[in-house]
Amino acid sequence: ADMQRDRPNADPLAQGYRRDAKTSDLIRAALKDDSGLSDSAKSAKIVMSNGNVILKGTVVSPDEKAKVEQITKNVARNALIENDLKVQRQ
């Protein structure tokens, strides 16, 4: 018998959630490690959905918005990234 199939951790949906959570954690760590980013960029909301990423929150400049997206792409290579970050009005 295929014991693997009966185990809860073989559930593809559960594996997808775990993979999304891990990717989200890796993106968060990469943002926090970048000393050039503002605190608001470092605390951007990272929403994972089926391996894809939605970025939400506020950043200080268009350059920073692009940089957060690039860092996210570097971590989540094959993901579709929807950049919904807003640039703060100065």
Side-chain angles (χ1 to χ4, degrees):
D2 184 4
M3 299 301 287
Q4 198 62 35
R5 194 178 38 201
D6 299 328
R7 287 202 193 121
N9 65 356
D11 174 9
L13 201 59
Q15 287 175 340
Y17 285 133
R18 278 198 300 275
R19 194 168 38 249
D20 280 356
K22 184 170 191 227
T23 302
S24 176
D25 289 347
L26 290 170
I27 295 167
R28 167 82 47 232
L31 293 176
K32 282 196 184 325
D33 282 350
D34 193 306
S35 59
L37 292 177
S38 68
D39 288 342
S40 57
K42 290 180 184 192
S43 60
K45 188 169 184 191
I46 301 160
V47 181
M48 297 294 301
S49 175
N50 299 323
N52 298 319
V53 187
I54 304 166
L55 297 170
K56 294 179 180 272
T58 309
V59 292
V60 295
S61 68
D63 285 349
E64 190 170 66
K65 178 177 176 172
K67 188 173 185 182
V68 170
E69 182 173 339
Q70 188 56 55
I71 290 168
T72 303
K73 281 181 179 162
N74 292 345
V75 174
R77 297 188 199 295
N78 300 323
L80 287 171
I81 297 165
E82 184 180 320
N83 190 342
D84 287 344
L85 292 169
K86 304 281 181 266
V87 177
Q88 228 168 22
R89 288 207 168 84
Q90 298 301 345

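For Gln70, the side chain to side chain donor-acceptor pair (under 3.5 Å) partners at least two apart in sequence or on another chain are Asn74. Residues meeting the side-chain contact (heavy atoms from CB on, under 4.5 Å) test with Asn52, sequence neighbours left out: Ala79, Leu80.
A heavy-atom distance below 4.5 Å is found between the side chains of Val53 and Leu55. Taking the side chain as every heavy atom from C-beta outward, Leu31 and Leu37 approach each other to under 4.5 Å. Taking the side chain as every heavy atom from C-beta outward, Val60 and Val87 never approach each other to under 4.5 Å.
Pairs engaging residues 40-54 under the salt bridge (Lys or Arg N to Asp or Glu O under 4.0 Å) rule: none recorded [sequence neighbours left out]. Sorted by first then second residue, the side-chain hydrogen bond (donor to acceptor under 3.5 Å, both in side chains) pairs that include residues 21-30, not counting sequence neighbours, number zero. Counting only residues at least two apart or in different chains, salt bridge (Lys or Arg N to Asp or Glu O under 4.0 Å) contacts with residues 59-79 comprise Asp34-Lys67, Glu69-Lys73.
One distance of note links CG of Asp20 with CZ of Arg18; it measures 11.5 Å at 0.5 Å rounding. Within the model, atoms CG of Asp39 and OG1 of Thr58 stand 13.0 Å from one another, a figure rounded to the nearest 0.5 Å. Separation of atoms CG (Leu26) and OG1 (Thr72) is listed at 11.5 Å; rounding is to 0.5 Å.
If you chain together ILVMFWY residues whose side-chain heavy atoms come under 4.5 Å of each other, Ile54 ends up grouped with Val47.
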